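Keep in mind it's a predicted model, so treat the numbers as computed, not measured.
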Amino acid sequence: MNKTVIEMRNIIKRYYIGQPNELQILNGISLDIHEHEFVSIVGQSGSGKSTLMNMIGALDRPTEGTYLLNGVDISTLDDYDLSQIRNQEIGFVFQTFNLISRTNALKNVEMPMMYAGIPRKQRLLRAMELLKIVGMEDRADHQPNELSGGQKQRVAIARAMANKPSILLADEPTGALDSKTGRMIMDLFHKLHDEEGTTIVLITHSNELAAETERIITISDGSVISDTGVKQA
Amino acid sequence: MNFIENLRLALTSIAANKMRSILTMLGIIIGISAVIMITTIGNSIQKTLMKTFNSIGNMNYFDIYANVTYGAHDENGEEISVNFKDEDLISRSMLDKLVETYPEYFYLNMTDSFGGFELKNWKNQTFKASIIGRMNVEGDNDIKFTRGRKINKSDNDLHKQVLNVSTLFVQQYLPPNADPIGQTVSTDMGDFVIVGVFELPAIYNKQIYQPGQKDIEKVTPVYIPYDTGMKLTYQENRYNYYADVYYYPEYDVDMLQGILEEFFKEEYKEKPYMNIFVESMQSQLGMINTVVNVITIAISVIAAISLIVGGVGVMNIMLVSITERTKEIGVRKALGAQNSAIRMQFVVEAILLCLIGGIIGIILGILGGMAIGFIAKLLVSQFYAEYAELFSITIQPSVPAILISVGFSVLTGVFFGYYPANKAAKMNPIDALRYD
């Protein structure tokens with residue numbers, strides 16, 4: 001078995017703590033995700049999968065429970081350390097691409113490396129290399145508004161890969177795309193997984209997409225209701 | 001994330017909203033240009049005054065005043081009865097003693113008018129001249145001599161009856177082409193021999209001594225040795241409330257003032273009811289400078305209030321900007337931007353806005369100050385032609401004001417940019433990402 005990347009134990013997330021409208025979104029989730037896995041987390045809207053994604057992505061801290069990312073306990077870190085974790089360990093791919101406007105594709109890919117303090121020259125080389133992997137090298141100087149949805153998502157994936165994160169965390173990556181471009185993006189994920197060995201966590205409400213992945217974790221009402229388990233190599 | 005990258009980011013953002021950026025800067029531009037304009041005018045007034053004073057002549061002297069202090073008390077608390085005599089005032093022998101004691105520091109350069117006199121010229125016409133006694137025509141580099149020699153120290157010490165006259169005097173007194181040197185001029189005080197002819201400085205010519213003027217008050221000056229005049233008018237032992245003592249400018253004024261005060265304290269040791277007050281001309285000029293400075297600063301501070309208004313404008317726009325870019329901030333945070341990096345990004349943007357506004361303001365302020373100076377110059381030459389030369393207006397922007405303005409712009413940016421930037425930095429990444 002590969003090394004464990006994500007280790008969650010009894011994660012509980014509550015909002016409006018101590019108020020009459022106190023809300024418990026996650027009811028003690030425990031899960032392990034290992035290196036080189038391609039996992040999908042499936043759930044209806046309101047199931048708590050977005051909250052779980054925020055938790056995995058170190059955007060939020062759990063109310064209770066422990067979350068070890070590569071052995072580091074995320075639940076106790078401060079804002080600065082969390083930003084470092086997001087920068088180094090997590091690669092976000094969003095439904096709405098979220099490229100920075102008025103900033104060309106190359107600069108967008110450079111951005112995480114800029115926050116990591118990597119020198120300019122090195123950044124440029126790495127960003128070009130990444131754009132090549134996603135097939136966008138000839139669009140490097142294009143602004144986001146000059147790119148199609150599929151192209152934007154490919155740039156966003158290149159950006160997510162910039163600092164060689166432990167996990168690529170994709171939140172409904174094909175949700176804003178037509179089925180044909182959606183297919184291309186899924187193919188790109190498969191390619192990254194097969195060729196680069198990238199660990200990918202795909203969050204989706206589509207069972208169809210989830211079926212393409214190695215392992216499906218289903219969330220409902222803030223709990224894991226099924227897990228197809230780790231594929232035995 | 002270094003400073004250059006922040007700068008590039010800020011420039012992109014400012015350029016993306018050109019119109020809004022310019023409107024934001026407007027407050028800063030108006031504030032800074034007003035301050036620069038006022039300081040430019042103040043500085044120009046100061047420079048013009050200084051130039052005017054310096055053109056009048058040698059300013060390296062001390063004024064010494066003798067006052068009687070009535071109501072002074074002795075060590076037993078008894079009021080000192082003052083039996084004040086003329087001899088208690090400043091005497092010539094006292095001043096001579098000073099110069100003999102400190103010849104390396106001080107010299108006397110006394111001037112006095114011995115009044116006007118009428119004389120008849122070669123055509124038997126009457127004209128007026130005024131006799132001015134001068135101790136040191138030699139040291140006066142402002143006066144240009146065309147013939148003969150200047151009255152010198154030995155003329156003064158030996159009480160020679162010699163005369164320096166202006167070319168204008170020669171024109172009025174002698175037939176054309178006559179040699180003035182060696183000619184005798186008879187005055188109420190006695191007969192004098194002309195030894196030199198000088199050209200009056202242009203400002204005298206223009207103001208007072210126009211040739212051919214009917215006005216009898218317009219008189220031509222002639223110079224005689226001061227001590228000759230004093231002797232002929234029996235004033236050699238005159239006592240004065242007031243005297244001028246000149247000094248060599250290579251020495252420190254404060255040190256010389258100390259020496260003078262000490263000297264007169266010693267001289268008046270026996271006369272505690274006399275109060276000797278020493279003041280340098282330089283310190284009086286300094287006072288004028290201070291007054292102009294204080295007025296300039298006071299008005300500048302009022303103008304600087306508009307900078308606060310401008311700063312609030314910057315803050316307002318920065319708040320709008322971060323609200324508009326909430327999603328971008330969320331994305332940046334998701335990509336690993338530290339709070340400090342976000343804060344820096346927006347602070348740099350605010351500073352840059354203010355700095356660009358400040359630089360535009362400085363340029364406009366200098367141009368405005370120059371325009372006002374130019375108009376003042378035009379008015380003087382139009383309505384006060386005779387003063388045009390005396391008041392040649394110097395237009396000079398104040399360099400410290402420019403530097404302070406640049407610094408102030410940056411500070412405005414930091415001060416009014418920090419709150420919005422900090423608000424951006426503290427945003428919760430999840431909420432920011434979800435913002436539409």
Select one option (side chain, backbone, both, neither) describing which atoms of [X] are under 4.5 Å from chain B's heavy atoms.
| X | value |
| --- | --- |
| A/Leu59 | both |
| A/Asn54 | side chain |
| A/Asp79 | side chain |

key: Leading residue by heavy atom contact count with chain A [cutoff under 4.5 Å; candidates B/Ala16, B/Gly330, B/Ser340]   =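 Going by pairs under 4.5 Å, I would pick B/Ala16.
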task = Please examine the side chains of B/Arg332 and A/Tyr115, heavy atoms only from C-beta on, and report whether any two atoms are closer than 4.5 Å.
result =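 They are in contact (side-chain heavy atoms under 4.5 Å apart), so the answer is yes.
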ask   = Do the side chains of A/His142 and A/Val155 get nearer than 4.5 Å, heavy atoms only?
value =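 No, too far: nothing below the 4.5 Å cut-off.
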key: Proximity breakdown for B/Lys327 and chain A, heavy-atom pairs closer than 4.5 Å   =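 Only the side chain of B/Lys327 comes within 4.5 Å of chain A.
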task = Check the side chains of A/Arg102 and B/Ser13 for a donor-acceptor pair under 3.5 angstrom, ignoring hydrogens and angles.
result =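 Per modelled atom types, B/Ser13 and A/Arg102 side chains form no pair under 3.5 Å.
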task = Output the distance between atom CG (A/Leu99) and atom OG1 (A/Thr103), rounded to the nearest 0.5 Å.
result =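 Going from the CG atom of A/Leu99 to the OG1 atom of A/Thr103 covers 9.0 Å.
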inquiry  = Walk me through whether A/Ile217 and A/Val42 qualify under side chain to side chain contact (heavy atoms under 4.5 Å, CB included).
reply    = CA-CA 6 Å; A/Ile217 298 166; A/Val42 194; over 6 Å; no
